[in-house]
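We use all heavy atoms of the structure for the numbers below, so side chains are in, but hydrogens, waters and symmetry mates are not. Whatever order the structure lists them in is the order used to number ligands and atoms, beginning at 1.
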Amino acid sequence: MKGFEEVVHFHGHVCPGLAFGFRVAQAALEVMGERSQDEELVAVVENRSCAVDAIQVVSGCTFGKGNLVLKDYGKQVYTFLNRPDGEGVRVSVKWISPPEDQEMTSCWQRFSQGDRSAEVMRAIKAHKGRKILAILEADTADLFEIRRVKEQLPDQARVYPSIRCARCGEKVMEPMILMADNRPLCHPCVEREKGVKP
Ligand SMILES: [Zn+2]
Ligand SMILES: [Zn+2]
């Protein structure tokens, strides 16, 4: 299984969201088996936070392969399904970070008032580090609600023929073409013609 260092390398920085995503993918793969080489595993993510980067690295479900599906609900819920049966697990984050002490609370207060002194920045960094460590070391049962599910699978990635947009001349995959006055148009051009976009 991919390590946390690889996840941090891909994402570019280390943060609590990434730690959550890492633990989510680990927990899911423990139940589902090995990471996805091709498209046999599908991940449905309900937010687009840092966590999703960890999920791509660890689970092998990516936008490019078409086996990462975004449902932008702003929820910390991740569902992993197997093809072709649609059986899998739903991982929902339930962890609540421990309450902050007085010192940290006043530190955040100073930060929000624009204080970027070395003292405040150091305290925030240390706090973040403690939070990341806590997430990485927590018991799976304390972090997540995990249950088995069986769901309808999203369509498999397909290759479609391209059609040229009648307005901008750029190529568009066929199912994404919109017809307006018998002219095939791309989405941005339809919006431009409606005057929504410049
Ligand atoms: Zn991040
Ligand atoms: Zn166009």
Trace of the side-chain contact (heavy atoms from CB on, under 4.5 Å) decision for H127 with E100: CA-CA 9 Å; H127 174 73; E100 278 158 8; 3.2 Å; yes
Evaluation steps, side-chain contact (heavy atoms from CB on, under 4.5 Å), between L70 and R48: CA-CA 7 Å; L70 170 67; R48 39 177 158 166; 4.2 Å; yes
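Salt-bridge check for E145 with R90: failed, with every basic side-chain N at 4.0 Å or more from each acidic carboxylate O.
With values rounded to the nearest 0.5 angstrom, L29 atom CG is found 10.0 Å from I55 atom CD1.
As for H11, its N/O/S atom nearest the Zn ion (ligand 1) is the one called NE2.
For the pair SG of C165 and SG of C186, the angle whose vertex sits at the Zn ion (ligand 2) is 110° to 10 degrees. The angle subtended at the Zn ion (ligand 1) by NE2 of H13 and SG of C15 is 110°, given to the nearest 10°.
Residue contacts to the Zn ion (ligand 2): H187 brings no N, O or S atom closer than 2.8 Å.
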